[in-house]
S.K.: 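Starting off with a structure, shown below.
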Amino acid sequence: MSELDIPGAGERVLLAGLGNPGPAYAGNRHNVGFLVADELAARIGGKFKAHKAGADVVEGRLAGTPVVLAKPRSFMNLSGGPVAGLARFFKLDASGIVVVHDELDIDFGEVRLKLGGGESGHNGLRSLSKSLGTRDYYRVRFGVGRPPGRMAAADYVLKDFSRAERRDLAYHVDRCADAVEDLVSKGLASAQNRFH
């Protein structure tokens, strides 16, 4: 049983939001992990600062649990290096890592949580699994839906959210942040029961 399955265990948790750095990518579907990380940072009243592992981090407490919020400064397909570097720095194994990322196989705005599993062609997850040497880390998956028509998935995730999606985006980001809080404070089963 891992730390997050035990509510109130009090162990530090690394929460990594995935995305691409820089203003050109800020509104992309691929960057929803950064949006959720920003919301969580606002909740704990912290500002991101550069860390030598190659990520911007905020340390604080979320729902009573000590957390490190992280946004890798590398591009998405290299995000495993900074996350693994932070895990080493804070002496955490994979059971203490939560990754928030975009998910094509889930409808826009839906949130799903799981421990372990495959990467489903997601280059950020592939990089994480390789760098961590395991797939057994927690995932909070934010649905962005499938690309329309014959649009390539890689092109779709690098496009900004549509105008219609942007109307509800803040609500869904807030709800995803709630799911992360539930996961770290009450455990996976409780968070799944509430958000699935």
S.K.: For residues Val180 and Leu15, determine if any side-chain heavy atom of one lies less than 4.5 Å from a side-chain heavy atom of the other.
M.R.: yes
S.K.: Only counting residues at least two apart or in another chain, list the ones meeting side chain to side chain donor-acceptor pair (under 3.5 Å) with Asp105.
M.R.: Arg146
S.K.: Is there a side-chain contact between Leu183 and Tyr138, using heavy atoms and a 4.5 Å cut-off?
M.R.: yes
S.K.: Output all residues satisfying ring pair (Phe, Tyr, Trp, His ring centres under 6.0 Å) with His101, sequence neighbours left out; order by chain, then residue number.
M.R.: His122
S.K.: Go through Arg12 and Glu59 one step at a time and tell me if the salt bridge (charged side-chain N to carboxylate O under 4.0 Å, His left out) criterion holds.
M.R.: CA-CA 10 Å; Arg12 188 192 312 248; Glu59 292 183 66; 3.1 Å; yes
S.K.: Which pair of non-hydrogen atoms, one from Leu18 and one from Pro72, has the smallest distance, and what is that distance?
M.R.: CD2-CG, 4.3 Å
S.K.: Give every residue pair that meets the salt bridge (charged side-chain N to carboxylate O under 4.0 Å, His left out) criterion with at least one member in residues 72-92, sequence neighbours excluded.
M.R.: Asp56-Arg73
S.K.: Can I get a per-line list of side-chain donor-acceptor pairs under 3.5 Å for residues 189-196, giving both atom names and the distance, sequence neighbours left out?
M.R.:
from: Gln192; atom 1: NE2; to: Leu113; atom 2: O; distance (Å): 2.9
from: Asn193; atom 1: ND2; to: Ala189; atom 2: O; distance (Å): 3.3
from: Arg194; atom 1: NH1; to: Asp182; atom 2: OD1; distance (Å): 3.2
from: His196; atom 1: NE2; to: Leu113; atom 2: N; distance (Å): 2.8

S.K.: Between Val67 and Arg61, is any pair of side-chain heavy atoms under 4.5 Å apart?
M.R.: no
S.K.: Passes side-chain contact (heavy atoms from CB on, under 4.5 Å), Leu14 versus Val83? Steps please.
M.R.: CA-CA 9 Å; Leu14 173 58; Val83 174; 4.1 Å; yes
S.K.: May I have all residue pairs that pass ring-ring contact (aromatic ring centres under 6.0 Å, His included) and include part of residues 52-83, sequence neighbours excluded?
M.R.: Tyr25-Phe75
S.K.: Determine the minimum heavy-atom distance between Ser185 and Thr65, stating which atoms define it.
M.R.: CA-OG1, 4.4 Å
S.K.: Any idea which heavy atoms bring Gly46 and Val58 closest together, and the distance?
M.R.: CA-CG1, 3.7 Å
S.K.: Which value, rounded to the nearest 0.5 Å, describes the distance between Asp107 atom CG and Arg112 atom CZ?
M.R.: 8.5 Å
S.K.: So, using ring pair (Phe, Tyr, Trp, His ring centres under 6.0 Å) as the criterion, who are the partners of Phe89 when residues are at least two apart?
M.R.: His51
S.K.: Under a 4.5 Å side-chain heavy-atom rule over Ile, Leu, Val, Met, Phe, Trp and Tyr, are Leu115 and Val100 clustered together?
M.R.: yes
S.K.: Are more than 12 heavy atoms from other residues, nucleotides or ligands located less than 6.0 Å from atom NZ of Lys159?
M.R.: no
S.K.: Out of curiosity, Leu78 CG to Asn123 CG, how far, rounded to the nearest 0.5 Å?
M.R.: 9.5 Å
S.K.: What residue pairs, at least two apart or across chains, pass ring-ring contact (aromatic ring centres under 6.0 Å, His included) with a residue in residues 159-184?
M.R.: Phe108-Phe161, Phe108-His172
S.K.: Which atoms form the tightest heavy-atom contact between Ala41 and Phe48, and what is the distance?
M.R.: CB-CE1, 3.6 Å
S.K.: State which residues pass side-chain contact (heavy atoms from CB on, under 4.5 Å) with Ser131; sequence neighbours excluded, sorted by chain then number.
M.R.: Ala84, Ser127
S.K.: Show me the pairs that pass salt bridge (charged side-chain N to carboxylate O under 4.0 Å, His left out) and involve residues 32-51, at least two apart or across chains.
M.R.: Asp38-Lys71, Glu39-Arg43, Arg43-Asp174, Arg43-Asp178, Arg43-Glu181
S.K.: Who are the side chain to side chain donor-acceptor pair (under 3.5 Å) partners of Ser129, not counting sequence neighbours?
M.R.: Glu119, Tyr137
S.K.: Hey, what do you get for CG (Leu128) to OG1 (Thr134), rounding to the nearest 0.5 Å?
M.R.: 11.0 Å
S.K.: Can you name the side chain to side chain donor-acceptor pair (under 3.5 Å) partners of Ser162, sequence neighbours left out?
M.R.: Glu165
S.K.: Arg175 vs Val111, test: side-chain contact (heavy atoms from CB on, under 4.5 Å). Steps then yes/no.
M.R.: CA-CA 8 Å; Arg175 188 168 176 274; Val111 176; 3.9 Å; yes
S.K.: When hydrophobic residues are tied together by side-chain contacts of less than 4.5 Å, even through go-betweens, does Ile106 share a cluster with Val32?
M.R.: no
S.K.: Main chain of Tyr156, side chain of Arg29: is a donor-acceptor contact present, judged purely on distance under 3.5 Å?
M.R.: yes
S.K.: Can you give me the closest heavy-atom contact between Leu104 and Ala153, atom names plus distance?
M.R.: CD1-CB, 3.6 Å
S.K.: Decide yes or no for Ile44 and Leu69: does some side-chain heavy atom of the first lie under 4.5 Å from some side-chain heavy atom of the second?
M.R.: yes
S.K.: To the nearest 0.5 Å, what is the distance between CG on Leu169 and CZ on Phe142?
M.R.: 5.5 Å
S.K.: Between Val13 and Leu92, which heavy-atom pair has the shortest distance, and what is it?
M.R.: C-CD1, 4.4 Å
S.K.: Side-chain contact test, heavy atoms from C-beta onward, threshold under 4.5 Å: evaluate it for Cys176 versus Val140 and give yes or no.
M.R.: yes
S.K.: Under 3.5 Å, side chain of Arg126 to main-chain N/O of Gly118, donor-acceptor pair present?
M.R.: no
S.K.: Determine, using the 4.5 Å side-chain heavy-atom cutoff (strictly less than), whether Leu125 and Leu132 are members of one ILVMFWY cluster.
M.R.: yes
S.K.: Do Val57 and Leu86 come close enough that some side-chain heavy atom pair is under 4.5 Å?
M.R.: yes
S.K.: What distance separates Asp136 CG from Ser95 OG, expressed to the nearest 0.5 Å?
M.R.: 9.5 Å
S.K.: Tell me, please, which residues at least two apart from Asn77 pass side chain to side chain donor-acceptor pair (under 3.5 Å).
M.R.: none
S.K.: Please check if Val157 and Phe34 belong to a single hydrophobic cluster, counting links between Ile, Leu, Val, Met, Phe, Trp and Tyr side chain heavy atoms closer than 4.5 Å.
M.R.: no
S.K.: Atom CD1 of Ile97 and atom CZ of Arg139: how far apart are they, to the nearest 0.5 Å?
M.R.: 11.0 Å
